[in-house]
Amino acid sequence: MQWTVMATAEQTFPIARPRYTGILEWITTTDHKKIGVLYLFTTFFFFLSGGLLALAMRTQLATPDGHILTAQQYNAAFTMHGTTMVFLFVVPVWTGFANYIIPLQLGARDMAFPRLNALSYWLLLSGGMLLYSSFLVGPPAAGWTSYVPLSTKPFSPQLGQDLWIIGLTVLGFSSIFGALNMIVTIFSLRAPGMTFHRITLFAWSVLVTSFLLVLAMPFLTVAGVLLLFDRLAGTNFFSVGEGADPLLWQYLFWFFGHPEVYIMILPGFGVISEVLPVFSRKPIFGYKMIAYASVAIGFLSFGVFVHHMFVAGIDPVLQVFFMSSTMLIAVPTGVKVFSWVGTLWGGSLRFKTSMLFALGFLAVFTIGGISGVFLASVPVDIQLSDTYYVVAHIHYVLVGGALFSFFAAAYYWIPKMSGRLMSEKLGTIQFLIFFLGFNLAFYPMHQLGIEGMPRRTYHYVQSPEWGLLNLIATIGVYLIALSITIFIFNFLSSIVMKGGKVADDDPWEGDTLEWATSSPPPPYNFARIPVVHSARPLKEDVPH
Amino acid sequence: MSSRTEERPIVRGRRERPRDRLPTNDTGLEAQPGRFTHGMWACILFVSTEAMFFFALFTTYFFLRARIPNWQPIFQRCAEECDKPHWNSTTNIFGLPVPIVAINTIALLASSVTMQFAVNAIKRGDRRGLRNWLIPTVILGIWFISGQLYEYTRLGFLPDNGIFAAVFFTLTGFHGAHVTGGILMNSLVLFRTVKGQFSAQRHLAVEAASIYWHFVDVVWIGLFTVIYIIG
Amino acid sequence: MFSVRIRVAFGVITALVIALLSSTAALADGPWPNDPQGPQAKAIADLYWIMFVAAVGVLAIVDGAIIYAGIKFRERPGHVAQQFHGHNFLELTWTVVPTLMVVSFAVLSWQKLDFINNTRGGDVGMVIQAQGQQWQWTFSYPHEDRFKLLDGTYLQTSEQLDITVGTKVRVELSAKDVIHSFWVPSIGGKKDAVPGRATELWIQADKPGTYKGQCLEFCGDGHADMLITLVAHPVSDYDAWAVAAVKDANRLIDPLTKVGHDTFLSLACVGCHTVKGTTAGGKIGPELTHVASQKSIAGGVLSPVDEANLTRWIKDPPAVKPGTKMPNYNLSDQQIHDIVQWLLTLK
């Protein structure tokens, strides 16, 4: 953690010396930048453990009758993989970036509630540890969606299922507090002159995301609590024998679960909207359209959730309504994609690693978006739901969307956080391997789904003809693992071992406020709070 | 990149830094003026997330009620005989059987009124008024929660006695937990009032506590209507 | 270094995009979009291909534009970025055109939906109940004489579902424990079997044949092996199949051997052996569905398969074949007798 040692600070802003040093300083810190770093390290650690589970699963599926994992182990592995990636990596990693970057972009000295911010982080860590402690007592194995009645006591007696619920509830509190803090920060701590049309698009997307978290998360909490009462207190919310309806869980879960999808991808959209213009030496194309598209996606995301239940025997009227709303949500997403292409148009493109990941995002996320339209159509979804096509789709939007933009964000902002540049050569190699591995891993899954391979199966002895595509997917996942190893090596050699070139304040010639302070920023961020007159405070001389 | 740095203009003997391009902040402000204070925003958002929490619980209630054909609110000894919920947990007041829940409801509604008087008082700068209205607010809150616990013991059914019982205890139980939280918050505000920490200008905690308390009250009106009257 | 990197990056991207697009088209037959076997899959496949063409178009425009921009607008000496913030007409176009596209997809889908959801239409020729339980499908055939068994009940099968070609069959789904989902890809139509809820779908096969399907909703440890085999018989053959199936089913419930049947199913035997048509589904030992027709048992040690040899084997397997996985269960002579009588009917 030594890599964030303070750079020479301007002593114009009086700030109390931290009460503790070393590890205690990190434990007691309320500095948004340190908390952001804690978030990023913690979530990356969980990302690695979720990734190892994925490796185990793909190794098992490389052949039709693999024996690496038993059925129970496989079920536990995909349950923990999904839960980890959703709740312990993608959602909180954006909280981590937002924590570090948003106050800087707003020209603020810290978050609105620094101590609540620390609490959010420690709740995240506790929730993650609770969830992972389930490996000691029998991990949950009902999938990350934990549909009832499979997740009720009679069918999932293991203690791990209870820990899953409790862990997610704790993580829910962490997210809600973090999101609340973020909204207040964006509402109240913008630098003088920074109206809502001058905040960054990353801030816009984080703002929408935070509202989604505040409004959607309680549904997961309630669903979890009801299930926990059933499991521990003997209530009968989900006992079919008592007349309950298993679809209650699905409605509650997906009312949370679909906004959650946009919670995971919107900040990635924000990152892309930052990275593309900077490396194209151009302003973003259609700032307002992109910002409003985020808001539109936020609103619509509460009205599409039943599309997860098209084959659950729901009313045809619901099918038609939710098919239409789901189709419509493709429009604001499309607007964004086209605006990003417009941003590239006529620019002067610099292919730094961050830009490569942003372009890679654009290329593959489009595939994920399009396969989403297929799944939105009820008839096509009837054929494709619960097959590997769905697995392909969610990985194209989550890995292709969120993970590509995570790497774009990492290469873009790590120099600001550490004061050093990551190696561009290693970065480019990492990108190429990642891009190749990603497409090898997930593109064949579309075809597997069309051929009828169900998700969540630990072997496919009855259909050995699926073996080749599965083997290709497994090879792809190993390439992804290699690429991530290169990323870690790059980080260790460039940042931790200080092998990277020193980054000056604005290594990418960015034009937003985080580049107006030193790299890394001093504890108080800005010696004097800046005043801004446009969305690009550092390029106000450029006509627009 | 090294080639670019050479081209940069030299300002006062050192390389120009991006921050030098920023105009001087002569507004005298640290932030763009906002509509509410941090605390008030936080309070509004917290109540929003709580509202969604209860929205989810009400959804559960109505979903189950709609899906279960023989839905029956099983208040005590009433499973067979009556088709409307029947408040068997009553108490005698002057010889009249009065449902405990009615007394509780009146207590909670009254506490909301006293809370508002307390807020109005401190807005005028009347610290004595604040204290005098907060005390009954806290007492009425405690009355409500004790009354609810007493009612639980008199109902004659437990959370595992069927779906209605589960919904009943979950909804009223979570509401009760929120009331308890509200009482603690109000007590803290009362403590700070006694310490003299509030004035006509500075009383965010009082307003936040009152918003929360009104919210809890509104939720109870919904719960009372749905569970006890609609059934 | 700069231009090499671009060339490699874009070379890889272009190659991948082309490979990805061509891979789906390369598979000419097989999966349901290419080779649908029933009217429902056919209807959905038509819709799928309309959307597929549009999807390839959109993807080609977006990824083509990215590659074009990457080459045309790369940073190089003398190339200056144009500074503009938007273009109202373009923005309007790419809001309106996608909206029209998704609206037309929604309308097209809606039109198919009535057809797909119409499980009660007048032309339903047969109604079969399918019950999902961990981890097996059980199919109950209609109460018709041809499906009537000796004990007055009607035919039930597991895993395999037999229908006639060209008949619209309504499948009424139920679930005993957790949620399951019924799907035969090339026939089309998928529906969850939800405990406490009645759901249904219809299936129809256009050609005789055997179609693979399985449970699609994750239902626990055995989910991967909860298979469905759908056999579509020509109308002329169906009665013959029904006669054979009823005969097999009757054999299992014959009062003379019922004691043995019940004994077998109540003992540890079911943990290792499979007898199709019963709840015995173990995979460790050999399948016994047609044990009485086999030439030998115990891996060839005992032959022929008669009362004496079966009795000898069950009494003490390790004594007959040292090292066998089947232990001596110390069954009573009566139990062994009953089981052997029943096994002898499994022809």
Side-chain angles (χ1 to χ4, degrees), chain A residues 71-72 143 147 149-150 155 240 245-246 281-283 285-286 289 311-313 316 320 323-324 327-328 330-331 334-335 337-338 341 344-351 356 359 362-363 366-367 370 374 377-380 382-383 386 428 432 439 443 450-452 454 456-459 462 542 544, chain C residues 5-6 9 12-13 16 20 31-33 44 47-48 51 55 58-59 62-63 65-66 69-70 73-75 79 81-83 85-86 91 94-95 98-99 102 105-106 109-110 112-113 116-117 178-179 181 185 188-192 194-197 199 214 216-221 223-224 227:
Chain A
Q72 291 90 335
Y147 272 15
L150 186 61
F155 304 105
V240 177
D245 185 340
R281 297 192 191 280
K282 267 188 67 194
F285 187 100
M289 282 296 265
V311 297
V320 172
M323 168 168 72
S324 314
M327 291 265 184
L328 271 187
V331 174
V335 165
V337 169
F338 290 121
V341 175
L344 300 176
W345 215 258
S348 177
L349 274 57
R350 294 176 290 160
F351 296 95
L356 289 177
L359 291 174
L362 212 48
T366 308
I367 298 178
I370 290 172
F374 280 78
S377 159
V378 179
V380 180
I382 284 176
Q383 284 297 76
D386 281 314
T428 308
L432 290 174
N439 284 296
Y443 195 81
I450 286 169
E451 290 183 23
R456 298 175 168 178
T457 46
Y458 77 107
H459 67 194
Q462 79 287 0
V542 179
H544 60 266
Chain C
R5 203 164 60 188
I6 301 171
V12 169
I13 291 170
L16 264 168
L20 296 184
W32 62 268
I44 298 173
L47 181 61
Y48 174 87
M51 292 175 69
V58 172
L59 189 65
V62 173
D63 283 7
I66 296 168
F73 304 118
R74 68 184 189 278
E75 183 175 59
H79 176 73
Q82 305 157 29
Q83 302 298 315
H85 287 264
E91 287 172 58
W94 65 50
T95 312
T99 309
V102 295
F105 293 154
S109 306
W110 192 0
K112 309 269 182 193
L113 207 51
I116 290 164
N117 282 334
V178 301
I179 304 175
S181 193
K190 181 189 292 137
K191 194 62 69 90
D192 286 357
V194 184
R197 255 178 191 255
T199 54
Q214 67 191 94
L216 260 281
E217 182 66 60
F218 177 61
C219 56
D221 294 345
H223 170 56
L227 306 177

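Protein chains get the first letters and strands the later ones, always in sequence-line order, with residue 1 at the start of each. FYI, side chains are in, hydrogens and waters are out, and symmetry mates aren't considered; it's all heavy atoms of this structure.
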Quiz item: Is C:Lys190 reaching over with its side chain to a backbone N or O of A:Ile382, donor-acceptor style, under 3.5 angstrom?
Solution: yes
Self-check item: Side-chain heavy atoms of C:Gln214 within contact of A:Pro454, under 4.5 Å
Solution: yes
Self-check item: Residue, of A:Gln383, A:Arg456, A:Met323, A:Lys282, that accumulates the most heavy atom pairs under 4.5 Å with chain C
Solution: A:Gln383
Quiz item: Under a 4.5 Å heavy-atom cutoff, which of A:Val378, A:Val341, A:Leu328, A:Asp245 has the most pairs with chain C?
Solution: A:Asp245
Quiz item: A:Val240 versus chain C, heavy atoms under 4.5 Å apart: side chain, backbone, both or neither?
Solution: side chain
Quiz prompt | Aromatic contact, A:Tyr147 with C:Phe218 (centres under 6.0 Å) | solution = no
Quiz item: Any sub-3.5 Å donor-acceptor pair from C:Trp32's side-chain atoms to A:Ile450's backbone N or O?
Solution: yes
Quiz item: Given a strict heavy-atom distance threshold of 4.5 Å, which part of A:Tyr458 is in contact with chain C: side chain, backbone, both, or neither?
Solution: both
Quiz prompt | Which atoms of A:Val380 approach chain C - backbone, side chain, both or neither, heavy atom under 4.5 Å | solution = both
Self-check item: Distance, nearest 0.5 Å, that separates OG1 of A:Thr366 from CG of C:Leu59
Solution: 6.5 Å
Self-check item: Top of C:Ala106, C:Gly196, C:Pro98, C:Ser181 for chain A proximity - count of heavy-atom pairs under 4.5 angstrom
Solution: C:Ala106
Quiz item: Under a 4.5 Å heavy-atom cut-off, does chain C meet the side chain of A:Ile370, its backbone, both or neither?
Solution: side chain
Self-check item: Pick from A:Pro149, A:Ala330, A:Gly346, A:Ala312 with the largest number of heavy-atom pairs that fall under 4.5 Å of chain C
Solution: A:Gly346
Quiz prompt | Worked check of side chain to side chain contact (heavy atoms under 4.5 Å, CB included) between A:Leu349 and C:Glu75 | solution = CA-CA 5 Å; A:Leu349 274 57; C:Glu75 183 175 59; 5.9 Å; no
Quiz item: Is the side chain of C:His79 donor-acceptor paired with the backbone N or O of A:Gly347 at a distance under 3.5 Å, no angle test?
Solution: yes
